[in-house]
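Take a look at the structure below.
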Amino acid sequence: MYDVAIVGAGPAGLSAALNLKLYEKDVIWFGDRGLSAKVEKSEQIANYPGAGLISGEGLNRRFADHIREMDLELTEKKVTNILGTGENYQLLAENDLYEARTLLLAIGAVTSKGFPGETKMLGRGVSYCATCDGFLYRGKTIAVYCGDPRYELEVLYLADQAEKVYLYTPYKDSTLTKDPASGNIERLPRPIGRVEGDMRVSGIVLTDGTEVPVDGLFCLRDAVAPAVLLPGLTLDGPHIAVDHGMKTNLPGCFAAGDCTGQPYQIAKAAGEGNIAAHSIVEFLGK
């Protein structure tokens, strides 16, 4: 049982992790070792105090150096589901379950609302975790939405399990359909428009109206929508609703960074991470 589980390795998650380390809290921190993709892709950053004019890549390197100096550890597993028990939080990350007394969501701004029908069919043919659920589709036909090239190994794993994979990627430089080991992968000609099914997924419909019968859909994205990730969480539009202490409506659950709303600024995210850490320490003290 950890004191705190942090989900997200951007500036908000890092700021919270640093402060909680100073307070000697037992923390499990989930995120990519590449840290924030948004920061990394920024051409130049001019408004982060003390950093001067710096590239996003340069700032991410400084973040990584700080993590090493503070001996912080990142767990590179994608959290796909969180359950609040009333006294603690259980987090499913790939095939492992973790428990923590408090939770900090620093998942960034989730731009994708998902496909119509996706939330309804979650757990009934829609999955966010290839290694968790891939074996359920041995010999079956599935569709896969792969939102980033770093998930292509998961697509290959799914192709090894399923008889047929219909793949859509929003980027063009995928080599998956050219790989000899992926002969059962067929690229979809149009984006996925919606998910069909009653008790189970029965197919997908592309944006041009084409119907594709499938037994399941895997959505491999950078982040899961907050309301799907943690049922019962109150939202303010697409963002997580918080008070001035970064508390959500759920006891022991906090949020910080872009996921709480605009402005989407690195300095704002770092400040909210700091506030959240202090609120968590106060909550644990009670």
- prompt: Is the charged tip of Arg221 near the ring of Phe115: under 6.0 Å from the six-membered ring centre and within 45° of its axis?
  reply: yes
message: Could you work out, with ring-ring contact (aromatic ring centres under 6.0 Å, His included) as the rule, every residue matching Tyr168, not counting sequence neighbours?
response: none
- prompt: Does CE in Met1 sit with more than 12 non-hydrogen atoms of other residues, nucleotides or ligands closer than 6.0 Å?
  reply: yes
query: Any ring pair (Phe, Tyr, Trp, His ring centres under 6.0 Å) pairs touching residues 213-237, not counting sequence neighbours?
result: Tyr137-Phe218
message: Under the rule for ring-ring contact (aromatic ring centres under 6.0 Å, His included), what residues qualify as partners of Tyr264, not counting sequence neighbours?
response: His239
task: Not counting sequence neighbours, which residues clear side chain to side chain contact (heavy atoms under 4.5 Å, CB included) with Arg61? List them please.
output: Glu57
Donor-acceptor pair, side chain of Asp215 and main chain of Ile142, under 3.5 angstrom: no
Going by atom type alone, with no hydrogens or angles, which donor-acceptor pairs under 3.5 Å involve a side-chain atom of residues 244-256 and a protein atom two or more places apart or on another chain?
| unit_1 | atom_1 | unit_2 | atom_2 | d |
| --- | --- | --- | --- | --- |
| Thr248 | OG1 | Leu250 | N | 3.1 |
| Thr248 | OG1 | Leu250 | O | 3.4 |
| Thr248 | OG1 | Cys253 | O | 2.9 |
| Asn249 | OD1 | Thr234 | N | 2.8 |
| Asn249 | OD1 | Thr234 | OG1 | 3.4 |
| Asn249 | ND2 | Gly232 | O | 3.0 |
| Asn249 | ND2 | Thr234 | OG1 | 3.1 |

Leu136 with Leu92, same ILVMFWY side-chain cluster at under 4.5 Å: no
- prompt: Under 6.0 Å from the CZ atom of Arg150, do we count more than 12 heavy atoms belonging to anything else shown?
  reply: yes
message: Just to verify, what does Lys21 make a salt bridge (Lys or Arg N to Asp or Glu O under 4.0 Å) with, not counting sequence neighbours?
response: none
- prompt: What is the distance from atom CD1 of Ile185 to atom CG of Leu167, rounded to the nearest 0.5 Å?
  reply: 6.0 Å
task: Could you tell me whether a side-chain N or O of Asn19 sits under 3.5 Å from a main-chain N or O of Asn274, the two making a donor and an acceptor?
output: no
Heavy-atom closest contact (Asp133 atom, Ser127 atom, distance): OD2-OG, 2.6 Å
Verify same cluster id: Leu91, Leu97 (apolar side-chain graph, 4.5 Å): no
task: Would you confirm whether Thr141, through its side chain, and Ala162, through its main-chain N or O, come within 3.5 Å as a donor-acceptor pair?
output: no
query: What are the two closest non-hydrogen atoms of Cys146 and Pro170, and how far apart are they?
result: O-CD, 3.1 Å
- request: Check whether any side-chain heavy atom of Leu217 sits under 4.5 Å from a side-chain heavy atom of Ile192, and report yes or no.
  value: yes
- line: The side chain to side chain contact (heavy atoms under 4.5 Å, CB included) partners of Ala227 (sequence neighbours excluded) come to Leu235
field: Spacing of Leu153 atom CG and Leu158 atom CG [to the nearest 0.5 Å]
entry: 11.0 Å
Sub-4.5 Å side-chain heavy-atom contact between Tyr145 and Pro191: no
field: Qualifying residues under ring-ring contact (aromatic ring centres under 6.0 Å, His included), relative to Phe135, sequence neighbours excluded
entry: none
query: Are Asp65 and Arg68 ion-paired here, with the side-chain N under 4.0 Å from a carboxylate O?
result: yes
- prompt: Roughly how far, to the nearest 0.5 Å, is the OG atom of Ser15 from the CD1 atom of Ile275?
  reply: 9.0 Å
Side-chain touch Ile82/Leu233, heavy atoms, less than 4.5 angstrom: no
query: Between Leu14 and Leu18, is any pair of side-chain heavy atoms under 4.5 Å apart?
result: yes
query: Among Val144, Leu156, Asp160, whose side chain to side chain contact (heavy atoms under 4.5 Å, CB included) with Val165 holds?
result: Val144
query: Of all residues at least two apart in sequence or in a different chain, which pass the side chain to side chain contact (heavy atoms under 4.5 Å, CB included) check with Glu154?
result: Ala130, Tyr151, Leu220
task: State the CD-CZ distance between Gln161 and Arg138, to the nearest 0.5 angstrom.
output: 5.0 Å
field: Closest heavy-atom pair and its distance - Tyr171, Glu152
entry: OH-OE2, 2.8 Å
statement: Residues passing the side chain to side chain contact (heavy atoms under 4.5 Å, CB included) test with Val27, sequence neighbours excluded, are Val4, Ile6, Leu20, Lys25, Trp29
- prompt: Do you reckon Tyr98 sits in the same ILVMFWY cluster as Val7, going by side-chain contacts under 4.5 Å, direct or chained?
  reply: yes
Which atom pairs, one a donor and one an acceptor, fall under 3.5 Å between side chains of residues 204-214 and the rest of the protein, sequence neighbours left out?
| unit_1 | atom_1 | unit_2 | atom_2 | d |
| --- | --- | --- | --- | --- |
| Asp208 | OD1 | Thr210 | N | 3.0 |
| Asp208 | OD1 | Thr210 | OG1 | 2.9 |
| Asp208 | OD2 | Thr210 | OG1 | 3.3 |

Neighbour count >12 (heavy atoms, 6.0 Å) for atom CZ, Arg194: no
query: When you check the side-chain N and O atoms of Lys268 and Thr260, is any donor under 3.5 Å from an acceptor?
result: yes
task: Spell out, as yes or no, whether a donor-acceptor pair under 3.5 Å connects the side chain of Arg101 to the backbone of Leu284.
output: no
message: Using modelled atom types and a 3.5 Å cut-off, is there a donor and acceptor pairing between side-chain atoms of Glu76 and backbone atoms of Arg33?
response: yes
- request: Look up atom CG in Asp32 and atom OG1 in Thr75, then write down how far apart they are to the nearest 0.5 Å.
  value: 12.0 Å
message: Which heavy atom of Ile107 sits nearest to which heavy atom of Cys259, and what is that distance?
response: CG1-CB, 3.8 Å
message: For the OG1 atom of Thr80 and the CD atom of Glu94, what is their distance to the nearest 0.5 Å?
response: 8.5 Å
message: Between Met70 and Val281, is there shared hydrophobic-cluster membership here, with clusters defined by ILVMFWY side-chain heavy atoms closer than 4.5 Å?
response: yes
message: Run the ring-ring contact (aromatic ring centres under 6.0 Å, His included) test against Phe283 and tell me which residues pass, sequence neighbours left out.
response: none
